[in-house]
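Below you'll find the structure, written out as structure tokens, and then a few comments.
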Amino acid sequence: MPLLEVKNLKTWFHTRNGVVRAVDDVSFSIEKGETLGIVGESGSGKSVTCYSMMRLIPQPPGRIEGGTAIFDGTDLLNCSKAQLAAIRGRRVAMIFQDPMTSLNPYMRIEEQIIEPLLIHQMCDKAEARRRALEAMKNVGIPEPETRLRSFPHEFSGGMRQRVMIAMALITKPDLLIADEPTTALDVTVQAQILELIKKMQRELGTAVIFISHDLGTVAGFCDRVMVMYAGKVVETAKTDEIFYRPRHPYTRALQKSRPALQAKGAELYTIPGMPPDVSKPIQGCAFKTRCEFALESCKQAPMTLVETEPGHGTACPRVSGGELKL
């Protein structure tokens, strides 16, 4: 049985300009100790999917229109506030994307790092402080004894990011949701943080949902990858399958966009056009106007994830129908 199983999740934002279908019928699962990467352009629904599971979507304008998120037997979307409070921050932790706004500017770093331990009554204050020092050392913050008494404004963006990571890891959660966790960090510290997460997975069996734009990091860190576009899952498979045998034109286009793959001096490849407006109903495949393989039939064919091989699903109607081989 999966540690987390999400089925038919729909999160829509009801605005003056219409209903924005930010996440539209998304399903996936993750096993204990597994790392699932979620990739896609900005606005594809990656972060909203995870915020929805944690019930962190501002309501209004957001509303979870349907679906379930079963975590170890508990439906996170429909359980009581008390049940959710016992799980969130302890068994399920999240590293938020923006460290600048995720820390309370009026509280010292020490208070914020030890807060999850005290709220969930995992230890006393002295033990919590010892764990906080250890957590800060693990994420590479120098002079942790001194820095614990600092306020967030005394830290750089990268240091605040490390504090956020320390806060998420301090309770040793069963599931870690990491939303662009290493964006503000240099390459050396990035490798250090990813190795720390891997160590926790080996020792505790922690499952990780890793949201990122960095396909290179995803390729080396994740066991499986889920590609999202316009609020839907367009492809999912094991990491090697996604990178060596992509079965959706959007996945191929994302890979072609990587600067590291471009010839020196050559013009960088960009995906033509713009993502669709998800506040309006989309007929057929959402990627059809940007796709080099699109035909007239793609305007009507439903964008449904179909398993073409064991563990490998694609939402390209031409590929799933056997008409196009990528």
Side-chain angles (χ1 to χ4, degrees), residues 1-11 23 26-36 38 47-59 62-97 99 101-104 107 109-132 134-136 138-139 163-179 181 196-197 200-211:
M1 182 178 175
L3 178 67
L4 172 72
E5 186 169 20
V6 176
K7 285 187 176 179
N8 308 117
L9 176 64
K10 292 184 180 181
T11 303
V23 175
V26 166
S27 300
F28 66 92
S29 64
I30 184 169
E31 304 284 344
K32 187 176 181 181
E34 187 181 23
T35 304
L36 172 67
I38 304 180
S47 298
V48 175
T49 296
C50 294
Y51 276 57
S52 299
M53 293 185 320
M54 302 281 277
R55 276 163 54 184
L56 294 173
I57 296 295
Q59 302 184 48
R63 186 189 300 166
I64 297 173
E65 301 286 345
T68 58
I70 310 297
F71 172 76
D72 199 17
T74 301
D75 186 355
L76 299 178
L77 301 182
N78 297 295
C79 65
S80 67
K81 289 184 178 179
Q83 286 177 299
L84 185 64
I87 293 173
R88 193 166 63 191
R90 180 175 184 173
R91 299 194 63 198
V92 181
M94 188 164 186
I95 302 171
F96 294 95
Q97 187 170 2
T101 57
S102 299
L103 295 172
N104 189 327
M107 292 174 64
I109 295 298
E110 177 182 1
E111 298 172 70
Q112 301 191 58
I113 291 183
I114 69 174
E115 188 176 43
L117 296 173
L118 301 182
I119 285 177
H120 295 289
Q121 300 178 343
M122 298 179 71
C123 59
D124 59 27
K125 196 165 185 177
E127 174 64 13
R129 192 175 191 279
R130 187 194 67 77
R131 289 200 201 178
E134 182 182 0
M136 290 182 73
N138 286 340
V139 296
V163 170
M164 288 296 305
I165 294 168
M167 286 173 63
L169 300 182
I170 199 167
T171 59
K172 298 180 180 178
D174 297 317
L175 173 63
L176 175 67
I177 301 171
D179 190 0
L196 177 63
I197 294 174
M200 189 174 69
Q201 287 185 285
R202 290 193 297 268
E203 294 176 354
L204 305 173
T206 303
V208 177
I209 296 176
F210 188 79
I211 302 170

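- L204 contributes atom CG, which lies 8.5 Å from atom CG of D174 (distance to the nearest 0.5 angstrom).
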### Query
Which is it for L103 and M164 under the side chain to side chain contact (heavy atoms under 4.5 Å, CB included) test, yes or no, and what are the steps along the way?
CA-CA 8 Å; L103 295 172; M164 288 296 305; 3.7 Å; yes

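- No donor-acceptor pair under 3.5 Å is formed between the side chain of S29 and the backbone N or O of L4.
- Partners of F71 according to the ring-ring contact (aromatic ring centres under 6.0 Å, His included) rule, which considers only residues two or more places apart in sequence or in another chain, do not exist here.
- Of all non-hydrogen atoms in P173 and A93, the two that sit nearest each other are CG-CB, 3.8 Å.
- Put simply, the side chain of C79 reaches to within 4.5 Å of the side chain of R55, judged on heavy atoms.
- Two residues are said to be in side-chain contact when any heavy atoms from C-beta on lie closer than 4.5 Å; L9 and S52 meet this criterion.
- The two residues M1 and G73 have their closest heavy-atom pair at CE-N, 4.3 Å.
- Applying the salt bridge (charged side-chain N to carboxylate O under 4.0 Å, His left out) rule to pairs touching residues 164-173 yields nothing, sequence neighbours excluded.
- The shortest non-hydrogen separation linking I211 to S47 is CD1-CA, 4.1 Å.
- The line from CG of L175 to CG of L36 is 10.0 Å long, rounded to the nearest 0.5 Å.
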### Task
Go through the steps to decide whether D179 and C50 satisfy the test side chain to side chain contact (heavy atoms under 4.5 Å, CB included), and finish with yes or no.
CA-CA 9 Å; D179 190 0; C50 294; over 6 Å; no

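- Rounded to the nearest 0.5 Å, atoms CG (L169) and CG (L196) are 5.5 Å apart.
- Legend: residues meeting ring-ring contact (aromatic ring centres under 6.0 Å, His included) with Y51, ordered by chain and number and at least two apart, are F96.
- Using a 4.5 Å heavy-atom cutoff, the side chains of M53 and I209 are in contact.
- Between E134 and R131 there is no salt bridge, since none of the side-chain N atoms of the basic residue sits less than 4.0 Å from a carboxylate O of the acidic one.
- Atom CZ of R129 and atom CD of E110 lie 4.5 Å apart (nearest 0.5 Å).
- In this structure, the side chains of F210 and L176 stay at 4.5 Å or more apart for every pair of heavy atoms.
- In plain terms, the two heavy atoms of A69 and V6 that are nearest each other are CB-CG2, 4.1 Å.
- Residues Q201 and T35 have side chains that bring a donor and an acceptor to within less than 3.5 angstrom of each other.
- Listed by chain and residue number, nothing satisfies the side-chain hydrogen bond (donor to acceptor under 3.5 Å, both in side chains) test with E111 (two or more places apart in sequence, or in another chain).
- The side-chain hydrogen bond (donor to acceptor under 3.5 Å, both in side chains) search around Q112 returns none, not counting sequence neighbours.
- Residue pairs satisfying the salt bridge (charged side-chain N to carboxylate O under 4.0 Å, His left out) criterion with at least one member in residues 67-88, sequence neighbours excluded, are listed as follows: D72-R91.
- In this structure, CZ in F28 is found 10.0 Å from CD in E5, a value given to the nearest 0.5 Å.
- G89 and T171 get closest at one heavy-atom pair: O-OG1, 3.2 Å.
- How far NZ of K125 is from CD of E127: 14.5 Å, rounded to the nearest 0.5 Å.
- With hydrogens and angles ignored, the 3.5 Å screen pairs a side-chain donor or acceptor of Q83 with a backbone N or O of S80.
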### Query
Can you check side chain to side chain contact (heavy atoms under 4.5 Å, CB included) on V23 and K10, steps first, answer last?
CA-CA 5 Å; V23 175; K10 292 184 180 181; over 6 Å; no

### Task
Kindly determine whether E65 and T11 satisfy side chain to side chain contact (heavy atoms under 4.5 Å, CB included), including the steps that lead there.
CA-CA 6 Å; E65 301 286 345; T11 303; over 6 Å; no

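- The two residues A132 and I114 come nearest to each other via the heavy atoms CB-CG2, 3.7 Å.
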